[in-house]
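All remarks here apply to the structure that follows.
Here is how names work: the chains are called A, B, and so on, in the same order as the sequence lines, proteins then strands, and each is numbered from 1. None of these values were measured; they are calculated from a predicted model.
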Amino acid sequence: MPEGHSIHRLARQFQDTFVGQSVRATSPQGRFAEGAALLDGHVPVESIAHGKHFFLTFDHGHTLNVHLGMYGAWTFGGDHTFTVASSIGAPRRIGEREIHRESADPAHPRPDDGRSPSAGAPGDAVAGRAAAEPPEPTPTTRVRLVTQHGWADLVGASICRVLTPDEVEQVRSNLGPDPLDPQADAGEFVRRASRTGRAIGAVLMDQSIIAGVGNIFRAETLFRQLIDPHRPARSLSDQELRGLWEDLVLLMGIGVRRGRIITTAPEHRPGVPEAEAWPEHATYVYQRQGQTCLVCGTTSRDGADAIVVEEMVQRKLYRCAVCQA
DNA sequence: TAAGGATGTATAC
DNA sequence: TATACCTCCTTAC
């Protein structure tokens with residue numbers, strides 16, 4: 001799934017374009033028909049992200065709770081008052097790029113970037129035409145929310161449900177502090193992490209210890225902090241754990257602002273002023289196994305790759321065996 | 001055209 | 001630890 005920064009962007013998008021507007025809610029696919037009926041005709045009053053969970057609370061107290069899982073994605077479109085028409089979800093490309101259509105103005109259509117697969121794909125719906133009205137739903141459109149000025153379609157989510165206030169609290173109580181929450185308590189992360197003997201590489205993926213970190217941020221922050229992912233979390237000093245937290249605050253904040261994950265410092269992208277053009281330089285270790293480490297310059301040592309990939313907790317774990325020894 | 005994989009997590013054994 | 005969920009893009013044939 002998109003990691004936490006994408007969900008925070010999503011929450012901001014809903015805050016800007018849906019909160020305060022009466023919403024027509026439907027489930028073209030049918031799998032969310034009951035939930036849509038509960039929300040139809042109501043007005044969103046608050047849009048929140050906690051880790052990878054999205055909560056949209058309506059004027060009658062019900063909350064739409066969406067978790068995008070591995071494949072979920074939202075697509076947006078709207079008229080000129082609907083500021084950002086974009087797709088937020090699983091882009092399935094290195095670097096976590098969202099599909100942007102900054103303007104729905106037919107006079108200034110965005111050129112096709114050559115990778116848009118086919119009509120009806122996320123992002124295409126609003127290309128080059130006024131998009132106050134949504135396109136024909138596909139057989140996978142789980143939810144469609146429409147206001148006077150725009151629309152949002154959801155496909156592929158692993159969780160899509162309507163919760164009561166108590167149920168929202170219950171879900172949130174199972175989530176650890178979120179580095180993207182200005183009110184979050186770093187000490188709480190340190191306390192929770194230092195209680196476990198599990199590998200720090202696994203602990204960073206545990207949403208009850210720290211919320212919003214996914215496979216890319218885990219690999220990248222452990223590299224940047226020069227920590228071997230296999231070390232038991234308990235063996236890390238408070239300073240090391242705080243270092244991870246502070247680095248995640250920084251990296252995830254960049255992700256929110258830029259809509260992509262970029263973890264490399266400019267000095268580690270020699271001759272590459274804009275990381276956008278070089279997805280292979282946006283991360284230090286994620287999906288860079290066998291390539292030359294951007295920091296230590298090692299490609300292989302004693303016949304083995306410097307940047308290696310292995311499995312940890314059923315996910316691919318990337319690290320530089322030289323830097324993170 | 002088919003197979004495989006992906007930023008995730010819940011559930012069962 | 002393995003599988004199911006569920007979508008679609010990339011790579012292989």
Side-chain angles (χ1 to χ4, degrees), chain A residues 1-10 27-32 49-54 65-75 87-99 112-125 137-143 153-161 170-171 174-176 178-180 198-199 201-222 248 251-252 254-256 258-263 279-280 282-289 309-318:
Chain A
M1 117 175 219
E3 302 191 23
H5 69 295
S6 294
I7 311 309
H8 281 259
R9 285 176 67 85
L10 175 70
S27 178
Q29 176 200 55
R31 285 186 48 194
F32 188 63
H50 186 165
K52 301 168 190 171
H53 278 266
F54 170 61
N65 173 216
V66 171
H67 192 297
L68 292 174
M70 195 77 109
Y71 330 107
W74 286 94
T75 306
S87 171
I88 298 177
R92 300 170 183 90
R93 278 191 288 276
I94 295 172
E96 174 142 359
R97 210 197 213 116
E98 292 168 16
I99 299 164
D112 192 285
D113 64 6
R115 288 173 311 196
S116 299
S118 62
D124 273 14
T138 74
T140 58
T141 306
R142 182 90 53 86
V143 184
D153 279 358
L154 173 68
V155 300
S158 68
I159 290 174
C160 178
R161 60 194 175 190
Q170 201 173 330
V171 171
N174 288 325
L175 298 172
D178 180 342
L180 288 172
R198 292 150 62 213
V203 166
L204 288 178
M205 298 285 279
D206 184 335
Q207 301 298 301
S208 70
I209 291 179
I210 182 169
V213 177
N215 204 26
I216 303 177
F217 284 129
R218 144 176 97 163
E220 292 296 306
T221 194
L222 286 168
L248 287 164
L251 294 180
M252 295 172 77
I254 292 169
V256 170
R258 304 198 51 170
R260 304 179 53 186
I261 296 177
I262 298 173
T263 62
E280 65 272 28
T283 56
Y284 286 107
V285 292
Y286 178 74
Q287 290 196 353
R288 295 195 72 250
Q289 67 274 25
V309 58
E310 65 199 281
E311 294 276 324
M312 183 182 280
V313 211
Q314 293 286 106
R315 305 299 303 278
K316 301 257 188 216
L317 171 70
Y318 302 85

Taking [atom1] from [X] and [atom2] from [N], how many angstroms apart are they, rounded to a whole number?
X	N	atom1	atom2	answer
Leu317(A)	dA6(B)	CG	C1'	16 Å
Arg31(A)	dC5(C)	CZ	P	10 Å
Asp206(A)	dT9(B)	CG	P	9 Å
Tyr71(A)	dC6(C)	OH	C1'	5 Å
Ile216(A)	dA6(B)	CD1	P	11 Å
Met70(A)	dT9(B)	CE	C1'	9 Å
Phe217(A)	dG8(B)	CZ	C1'	15 Å
Leu204(A)	dT9(B)	CG	P	13 Å

Is there any protein nitrogen or oxygen under 3.5 Å from a nitrogen or oxygen in nucleotides 10-13 of chain B, and what are the pairs?
none

Presence of His67(A) side-chain N/O under 4.0 Å of dG8(B) phosphate oxygens OP1/OP2: no
N/O (side chain, Arg315(A)) to phosphate O (OP1/OP2, dA6(B)) under 4.0 Å: no
Side-chain heavy atoms of Phe54(A) within contact of Asn65(A), under 4.5 Å: no
Validation row: Thr221(A), Leu204(A) side chains within 4.5 angstrom (heavy atoms): yes
[atom1] gap between [N] and [M], integer Å:
N	M	atom1	answer
dA10(B)	dC8(C)	C1'	22 Å
dA4(C)	dG4(B)	P	15 Å
dT3(C)	dG5(B)	C1'	16 Å
dC13(B)	dC5(C)	P	14 Å

Students often get this wrong, so: under 4.0 angstrom with heavy atoms, is [X] touching a base, only sugar-phosphate, or nothing?
X	answer
Gln207(A)	sugar-phosphate
Arg218(A)	nothing
Glu311(A)	nothing

Residue pairs fulfilling salt bridge (charged side-chain N to carboxylate O under 4.0 Å, His left out) with at least one residue in residues 202-218 of chain A, sequence neighbours excluded: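 Pairs touching residues 202-218 of chain A that pass the test: Arg198(A)-Asp206(A).
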Minimum-distance nucleotide to Thr140(A) side chain [options: dA6(B), dG8(B), dT7(C)]: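 It is dT7(C).
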Would you please name every residue forming a side chain to side chain contact (heavy atoms under 4.5 Å, CB included) with [X], sequence neighbours left out?
X	value
Ala199(A)	Met312(A)
Pro28(A)	Thr26(A), Pro137(A), Thr141(A), Arg144(A)
Val256(A)	His5(A), His8(A), Arg9(A), Arg12(A), Leu180(A)
Arg31(A)	Gln29(A), Arg142(A)

Ion pair Glu3(A)/Lys52(A), N-O distance below 4.0 Å: no
